[in-house]
Amino acid sequence: MILLERYRDFLPITSRTPLITLHEGNTPLIRVENFEKYLGLKNVRIYLKYEGMNPTGSFKDRGMVMAIAKALEKGARYTICASTGNTAASAAAYSARTGLKSVVLIPEGKIALGKLAQAMIYGAKVVQINGNFDRCLELVRYLSENYDFELVNSINPYRIEGQKTAAFEIVDELGRAPDYHFIPVGNAGNITSYWKGYKEYREAGKMSNLPRMMGFQAEGAAPIVKGHVVEKPETVATAIRIGNPASWKKAEQARDESGGVIDTVSDDEILKAQRLIASLEGIFCEPASAASIAGIIKYRDVFKDGDVIVATLTGHGLKDPNVVIGNIEKPITVNPNVDDVLKAIGR
Ligand SMILES: *Cc1c(COP(=O)(O)O)cnc(C)c1O
């Protein structure tokens, strides 16, 4: 069943909402036993919710399908968003699918190559802004308030609603909520969505427990942890390169109500975690997603026997190939004969 139908009772769907789909959601929840062993954890189960398997390669599709359905319901013709890349890719795809025109504002030179390619091929009007993401968001807010553009950033409440479905899927599969949920934090919409989703599902009697929400910002872009706006956010994890998160207060609420934390991880820890989970488990996520993994590594000592941990891998690694190619030793070139090849392999 498509996402909007499956979780219809928990979503703002009316008889007039078109049930559109690119077959988003229903992403794999992968147990990672090699990683558990690597951490030296015996009676702890770790699962990764691999959101890179969504139609445009990130969790943004869950919220976008809902936001675009509501935009269609009210007769919108244009969508607009500010983006570090994945929102743009998703808005462009769902707009194309449903005959809407999409406009995306991106910070110049600061979005991963794969994401830019996606926005372009889906036919969005892509405008690069000589400024950062936070400035792009201010601009699209103004434009949507004063012109007939439908804003599809996560300040659009329907985005938050759609993104709750990831928490539902996790509970449906595990038969309970995890003890800890690890997640990267950028604009802080997703941590807000998961917490809302877990709470609503418990209210509906689907499980009795709630997880601690464990959010991670990059050191150079950690406004919530530092307690003030970061004017010039910097991190290799471009999807969370945000200095003034739109859902700041709600993220703090999720942290405090759940007894969780919002903490930082360094770029070095992020890149090491990205490589570790790829080489240990065969799962390639983008740098921002690896903040979840780096967070688990940082908090490995807090887990107790029997704990169930879920981490969201927010986006696919192929979105940002440059970061890998720039950081790992390049393949060597040898002459085309068996001896040289064996020598290169080290056999
Ligand atoms: C958007 C995004 C994030 C950050 O999510 P927020 O809801 O802005 O906190 C993290 N990782 C990836 C891959 C993203 O696309």
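First listed ligand is number 1; within each ligand, the first listed atom is number 1.
Relative ring orientation between Tyr194 and His181 is described as tilted, the plane-to-plane angle lying within the 30° to 60° band. Ring geometry, Tyr201 versus Phe168: the interplanar angle falls under 30°, so the pair is classed parallel (tilted spans 30 to 60°). The aromatic rings of Phe149 and Tyr78 lie perpendicular to each other, with more than 60° between the two planes, well past the 30° mark.
At a 3.5 angstrom cut-off on N or O pairs, Asn86 counts as close to ligand 1. For ligand 1, one of its N or O atoms has an N or O atom of Gly186 under 3.5 Å away. The shortest N or O to N or O distance between Thr314 and ligand 1 is below 3.5 Å. The shortest N/O to N/O separation between Ala188 and ligand 1 falls below 3.5 Å.
For atom 3 (C) of ligand 1, the nearest non-hydrogen atom from the set Gln163, Lys60, Lys319, Glu51 belongs to Lys60. Taking each of Leu313, Asn187, Thr87 in turn, the one with a heavy atom nearest to atom 8 (O) of ligand 1 proves to be Asn187.
Side-chain contact check for Leu48 versus Ile277: some heavy-atom pair is nearer than 4.5 Å.
Listed by number with element, the atoms of ligand 1 under 4.0 angstrom from any heavy atom of Val185 are 9 (O). Heavy-atom contacts of Gly189 reach the following atoms of ligand 1: 6 (P), 7 (O), 9 (O) (cutoff under 4.0 Å). Taking a cut-off of under 4.0 Å to the non-hydrogen atoms of Glu286, the atoms of ligand 1 that pass are 13 (C). If you number the atoms of ligand 1 from 1 as listed, the ones under 4.0 Å from a heavy atom of Gly315 come out as 13 (C). Counting the atoms of ligand 1 from 1 in the order shown, those under 4.0 Å from a heavy atom of Ala288 are 11 (N).
Looking only at atom types and distance, the side chain of Lys49 has a donor-acceptor partner in the side chain of Thr27 under 3.5 Å away.
In Lys343, the NZ atom is not crowded: 12 or fewer heavy atoms of neighbouring residues, nucleotides or ligands sit closer than 6.0 Å. The local environment of CG in Asn146 is crowded, with over 12 non-hydrogen atoms from other residues, nucleotides or ligands closer than 6.0 Å.
Linking Ile, Leu, Val, Met, Phe, Trp and Tyr whenever their side-chain heavy atoms come within less than 4.5 Å leaves Leu105 and Ile240 in two separate clusters.
Of the candidates Lys74, Arg159, Arg77, Glu150 forms a salt bridge (Lys or Arg N to Asp or Glu O under 4.0 Å) with just one, namely Lys74.
For atom 7 (O) of ligand 1, the nearest non-hydrogen atom of the protein is Asn190 N, 2.8 Å. Here the heavy atom of the protein found nearest to atom 5 (O) of ligand 1 is Phe59 CZ, 3.5 Å.
Here Ile242 has no heavy atoms under 4.0 Å from ligand 1, in either its backbone or its side chain.
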